[in-house]
Amino acid sequence: FESIYGKEAKVVVPEWVELAPKQREVYDEFEQTALLELERFFVDGTQPGVGFIRARQILEHPHHFPDLTQPGSGKTVDILDGELPGKEQRLELHFQDHVNTGEPVVVFAFFVAQQKSIAALGERMGMRVAIMNGETPTRKRFEIDEAFRAGEIDLLVASPEVAGIGYNWQFAGDREVKHCIFASMDYLDTSFLQNYRRFIRGTRATTLRITVMMYDAEIERRVLDITR
């Protein structure tokens with residue numbers, strides 16, 4: 001790639017985000033005891049695999065946490081009593097910048113519930129929004145891709161796996177895309193590489209800003225260590 005196009009014009013910006021107060025309280029209790037007592041059920045994190053995913057759910061989509069009284073039902077509960085988690089509060093600031101400038105932005109998020117929450121946040125702020133994930137039919141993906149490249153989408157929320165190959169999102173209409181955000185990571189370094197390269201499909205006129213959002217939490221550091 002570099003031999004053809006030269007050095008990638010990108011800058012990776014690690015962005016440490018504070019957990020919201022209620023979120024910090026809930027997360028710390030779960031991390032320290034591997035058990036969380038909620039109003040209607042307990043969250044058991046004594047099994048390593050289960051504990052790992054529950055901790056990430058507390059961080060990434062606590063207002064759409066699985067209702068463990070009805071496992072497998074798809075129903076969720078808000079364990080923060082309406083308080084926005086820290087990353088969504090920070091995304092609100094980023095989105096306001098993009099609303100002000102009219103520049104498009106793509107947000108990558110690993111969890112489906114988190115993708116939907118981020119999309120809803122963008123819609124509340126008046127952005128034209130689309131989601132591309134494993135639930136998106138193939139034909140719909142083509143339509144979203146075409147709309148984004150035509151400059152008809154302000155905020156594209158995508159899963160790392162689905163957005164990993166094939167798409168050329170360097171331009172949205174006549175504007176070069178200048179910013180993408182990783183709200184949460186999956187466990188593959190190749191996903192990170194392939195995702196940001198959706199915006200480096202040739203020589204860039206501007207430097208791509210890649211924001212990687214991170215909580216000051218042990219489970220987040222473990223995920224980033226895997227990627228690193």
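Just so it is clear, the model here is predicted, and its values are computed rather than measured. Hydrogens, waters and symmetry mates play no part in the numbers below; they use all other heavy atoms, side chains included. We're numbering straight along the sequence, starting at 1.
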Is it true that Glu83 and Lys22 have a side-chain N and a carboxylate O under 4.0 angstrom from each other?
no

Closest heavy-atom contact between [X] and [Y]?
X: Gln170; Y: Arg201; result: OE1-N, 2.9 Å
X: His98; Y: Met127; result: CB-CE, 4.3 Å
X: Pro62; Y: Leu80; result: CG-CD1, 3.4 Å
X: Ala183; Y: Val107; result: CB-CG1, 3.9 Å
X: Val162; Y: Gly134; result: CG2-N, 3.6 Å

In one Ile/Leu/Val/Met/Phe/Trp/Tyr side-chain cluster, 4.5 Å: [X], [Y]:
X: Ile200; Y: Phe108; value: yes
X: Val12; Y: Phe182; value: yes
X: Phe142; Y: Phe148; value: no
X: Met214; Y: Val13; value: no
X: Met125; Y: Met213; value: yes

Check which hydrophobic residues are tied to Ile165 through side-chain heavy-atom contacts below 4.5 Å, counting indirect links as well, and list them.
none

[X]-[Y] side chain donor-acceptor pair, cut-off 3.5 Å:
X: Thr211; Y: His179; value: yes
X: Ser184; Y: Gln114; value: yes
X: Gln194; Y: Arg197; value: no
X: Gln115; Y: His61; value: no

Looking at residues at least two apart in the chain, or sitting in another chain, which of them share a side-chain hydrogen bond (donor to acceptor under 3.5 Å, both in side chains) with Gln96?
Asn100

Can you name the residues that form a side-chain hydrogen bond (donor to acceptor under 3.5 Å, both in side chains) with Ser117, not counting sequence neighbours?
His64

Could you give the distance from [atom1] ([X]) to [atom2] ([Y]), rounded to the nearest 0.5 Å?
X: Phe199; Y: Ile210; atom1: CZ; atom2: CD1; result: 9.0 Å
X: Thr207; Y: Glu8; atom1: OG1; atom2: CD; result: 11.5 Å
X: Ile144; Y: Arg149; atom1: CD1; atom2: CZ; result: 12.5 Å
X: Arg128; Y: Leu155; atom1: CZ; atom2: CG; result: 11.0 Å
X: Arg124; Y: Glu92; atom1: CZ; atom2: CD; result: 7.5 Å
X: Asn195; Y: Leu188; atom1: CG; atom2: CG; result: 10.0 Å

Quick check, are the ring centers of Tyr187 and Phe110 under 6.0 angstrom apart?
yes

Any idea how Trp169 and Tyr167 line up, ring-wise: parallel (<30°), tilted (30 to 60°), or perpendicular (>60°)?
parallel

Would a distance-only check, ignoring hydrogens and angles, find a side-chain to backbone donor-acceptor pair under 3.5 Å from [X] to [Y]?
X: Gln89; Y: Ala20; answer: no
X: Glu60; Y: Phe111; answer: no
X: Asn133; Y: Ser159; answer: no
X: Tyr215; Y: Lys87; answer: yes

Determine whether Arg222 and Asp225 satisfy the following criterion, salt bridge (charged side-chain N to carboxylate O under 4.0 Å, His left out), listing intermediate values before the conclusion.
CA-CA 5 Å; Arg222 286 173 58 192; Asp225 281 343; over 6 Å; no

